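Note sheet for the following structure.
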Amino acid sequence: MNAPRCPQPNVTHRSVAVSPLKLSIHVDGHGVIYNHSTNKPFPIPTYLHHHHHHHHNGTKPLNPNSTFHLHTPPRNPHFSGLISPEYTFSTLPSLYLMLPKSIHPSLEPQPKTLHTKSTITSSLTSLLKPRFSPQNPRTWIIFTVLFVQILLLCNLRSFSSSIPTPLPSTIVHHSSRAQDQCGSGKVFVYDLPQTFNYEIIQNCDNLNPWSSRCDSLSNHGFGRSAASLAGIIPEDILPSWHWTDQFVTEIIFHNRLLNHRCRVKEPESATAFYIPFYAGLAVGKFLWLNWTAEERDRHCDMMLGWVMDQPFFKRSNGWDHFITMGRITWDFRRSVDHDWGSSCIYKPGIRNVTRLLIERNPWDYFDVGVPYPTGFHPRSKSDVTLWQNFVRTRQRNALFCFAGAPRRAFHNDFRGVLLSQCRDSGESCRTVNCTGTRCSNGTSVILETFLDSDFCLQPRGDSFTRRSIFDCMVAGSIPVFFWRRSAYLQYEWFLPVEPGSYSVYIHRNAVKNGTVTVKNVLEKFTKEEVRQMREKVIEYIPRLIYANTKHGLEGMKDAFDVAIEGVFKRFKEQEQPEFHKWK
C-alpha cells in the first residue's frame, strides 16, 4: 500500500533568504557534508548555492573544507506553516533555497501530506536517467537536492503550531446587496464635542424658561409612551405611539445616522458629512425673555468654529455637508440684533450647508423641509400595515374638523373665521380647542377627531406650517390648505407630486370675503373622490413618520430614509458639470 504522496502544488519558485544557522556542518574535500557536532555525513549536496557578497544575484558552489551553521528559520511569509527544524538550513553568508510561493496564500493550516522515499526515488531516477548515469555522482547530488526540498515542502505544512499565528486585522465585509444600497452615497458623522448635542439633552431641565423638557426628550427623542390612547387605537399598535415633541428631529436624525447602513468611519470614503449639532434645542430657551444676540448665537458660533477647522469642510467649503435644525427656518434668521431668534443661518460658515428643517424658506436652495414628528413611531413594517388598514376602514362621521385656537391678537384672524364656519356647520364639523399649550404634543382628543373626519382644515399656524398637517394625514384624514406655502412649497420630497391627489386647496380670501364656505366646497366631492384622496394619503403615511428602529423599516422607507436619499441625490447633482458652485 502506497504511503500518502505529497501534493504537487501549482507554484512559482522564488529564492528566499533565511537567517544565520545554529547547526554546524562541514564540507570535506570530496564534497561530502558532515554534521559538525556528530561527525556523521549530512545529506546536503555541494550544489546547494549560496549568495556571495560580491554577486548580488549570482550563485556559486559550496567550497570544500568549509564549515557552515544551520538553524531554524523564521516563518516564511509565503507559507501557511513553518519550516521544520529537522530539515531546514541556511548558510553564512546567506544560503538561498528554491522555495514555492503559493499563488493564493492562506492563513489556515494545510493538511499534512508526505511522499515516500521509494516513490520519489523512482520518479526522480526516471527523470534524470536520460541525462545522468547512476554511477555519476551528479545524479545523487541532484536527487538529494530534490529530496530535501520535498521534505521541506511537506514539513513546513505540519509545523504551524510551534509559533502562534498573529490574528488578521478585522475586516468588515459588506454584501453585494449592502454595497448596492450605498450606491447613492455614504455618510460620515462628525464626532462633535458633546457640548453641541449630548450635554444639551442632559441639561433638559433648563431648555425651556417655563418647564422641564426631560419627558419630551426621553426615549431617544420620542417622548413618553401614549398609554392613554388605549381603546382608541388597536392594542397591537399601542406601543408604537408616544407623546412626541415637535422639535426633536435633531435627536431622531442623529440616532438613526449613527446606525445607518451607509455610515462610514473614514471621511475619505464619504460623499456626505453630517453635523450632529442640536441647533434648535440649543437656541430654544434663548428665544424668549431678554437674552442678548451674542447669547442666542453662542452655540452656533462655537460649532461653526469647530466644523470650519475640519479638513473635509475646507475641501468643499461645506457643499457636501448637512445638518438637522429642529425648528422652523425663521428661528435661525435674525437679521438685526433686536429681532427674534438666532442668526445662525446667516453665518458665513453655514452658507453652503444643506439644512433639514420642519419649515423651510422656499426661496433658499439650502433649506429642505422635512415632516414634523408625529406620535406614531412604528417598530416594524407590520406596524405600518396594521395602522394603514385601521385608518382605511375607520368609520368617519364628520365631514371636516379643525384643531386649533384663534389668534385674537391678529387683525382679521383667519383661524377665527374657520372656527365660526365650523360652528355654523353643525354636526358636519368637529373642533378641538387648543388654546394655550393643550395641543402642544398631541392629545387623544385630537387623534380621535382626525380619525372621525374625512377632511381636516390646515390654516397657517404661527408660521406657514404646523405639526397638525402630519397628525391629520397620519390619521388618514385629507388636509385642506389655504396657503400653498403650508405644504406644496415645503415638503416636495415627501408628498405626492400632484397636490389635488391627496389634498384640497381653498384660497383664504374666498373664505374671508364670503365667496365660498368650507362646507360647500367639501360637500361637492363624491364618495369615490374622497376614497381616492384618502387612499393616496394612506399610501404616503410611511414617508411622513419616523420609525422607532435603529435601522429603519425593512422594505419600507420612512421620513428619515426619504430625507437621507434626497441629500445623497442633491450632492450628486451638485457634482454635475452644469451645476454652478460659488465659494
Side-chain angles (χ1 to χ4, degrees), residues 187-225 242-267 270 272-287 291 295-310 312-313 318 321-327 331-332 342 344-345 347 349-350 353-358 370 372-373 377 441 546-552 559-560 563-564 567:
V187 61
F188 176 80
V189 180
Y190 277 116
D191 185 16
L192 278 180
Q194 295 190 2
T195 303
F196 302 116
N197 38 56
Y198 296 117
E199 288 182 10
I200 293 174
I201 297 177
Q202 291 169 359
N203 197 33
C204 56
D205 278 326
N206 298 312
L207 296 181
N208 186 307
W210 301 285
S211 61
S212 170
R213 296 196 64 194
C214 294
D215 283 347
S216 299
L217 304 183
S218 62
N219 290 327
H220 307 291
F222 297 126
R224 296 175 294 110
S225 296
H242 297 258
W243 299 127
T244 303
D245 190 271
Q246 62 181 336
F247 299 132
V248 293
T249 53
E250 295 154 348
I251 302 175
I252 294 173
F253 272 79
H254 189 192
N255 288 336
R256 285 284 294 277
L257 280 167
L258 288 176
N259 296 282
H260 197 270
R261 65 182 180 274
C262 298
R263 179 195 174 195
V264 294
K265 300 293 184 67
E266 306 78 19
F273 296 81
Y274 182 66
I275 306 170
F277 171 44
Y278 297 174
L281 295 176
V283 77
K285 80 178 216 178
F286 298 105
L287 296 175
W291 298 100
E295 288 169 321
R296 283 178 279 169
D297 291 345
R298 186 177 72 244
H299 280 89
C300 182
D301 287 336
M302 291 192 300
M303 178 276 295
L304 289 175
W306 189 92
V307 170
M308 292 174 68
D309 196 42
Q310 304 307 305
F312 289 91
F313 186 93
H321 286 55
F322 70 109
I323 186 173
T324 305
M325 304 179 83
R327 300 183 70 95
D331 288 341
F332 306 100
S342 157
C344 192
I345 286 180
K347 302 285 183 181
I350 209 167
V353 175
T354 292
R355 305 175 289 267
L356 307 180
L357 303 124
I358 52 178
V370 298
Y372 282 76
H377 305 288
N441 290 334
Y546 297 95
N548 186 6
T549 66
K550 287 184 177 181
H551 305 289
F560 168 84
I564 298 305
V567 169

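Keep in mind the model is a prediction, meaning the values are calculated, not measured.
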Counting C-beta onward and ignoring hydrogens, is there a side-chain heavy-atom pair between [X] and [Y] closer than 4.5 Å?
| X | Y | answer |
| --- | --- | --- |
| V307 | F273 | no |
| L356 | T249 | no |
| F286 | S342 | no |
| V248 | S216 | no |
| I323 | F277 | yes |
| E250 | I200 | no |

So, for [X] and [Y], which heavy atoms are closest and what is the spacing to 0.1 Å?
| X | Y | result |
| --- | --- | --- |
| G552 | R256 | CA-NH2, 3.3 Å |
| P373 | Q246 | CD-O, 3.3 Å |
| R263 | L257 | CD-O, 3.5 Å |
| N197 | P276 | ND2-O, 2.9 Å |
| A563 | V370 | CB-CG1, 4.3 Å |
| L207 | L281 | CD2-O, 3.8 Å |

Less than 6.0 Å separating the ring centroids of [X] and [Y]?
| X | Y | answer |
| --- | --- | --- |
| Y190 | W306 | yes |
| H299 | Y278 | no |
| H220 | Y546 | no |

Would R327 count as a cation-pi partner of F247, with NZ or CZ less than 6.0 Å from the six-membered ring centre and within 45° of the ring normal?
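Yes - R327 lies over the ring of F247, closer than 6.0 Å to its centre and within 45° of its axis.
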Distance (rounded to the nearest 0.5 Å) between Q194 CD and I201 CD1:
10.0 Å
Could you list the residues that satisfy ring-ring contact (aromatic ring centres under 6.0 Å, His included) with F322, not counting sequence neighbours?
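Counting only residues at least two positions away or on another chain, F322 forms a ring-ring contact (aromatic ring centres under 6.0 Å, His included) with Y274.
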Can you sort out the partners of S225 under side-chain contact (heavy atoms from CB on, under 4.5 Å), two or more places apart, ordered by chain and number?
H242
Please check if atom CG in D191 has more than 12 non-hydrogen atoms from other residues, nucleotides or ligands closer than 6.0 Å.
no
Quick check on side chain to side chain donor-acceptor pair (under 3.5 Å): which of N206, D245, D205, N208 does R213 satisfy it with?
D245
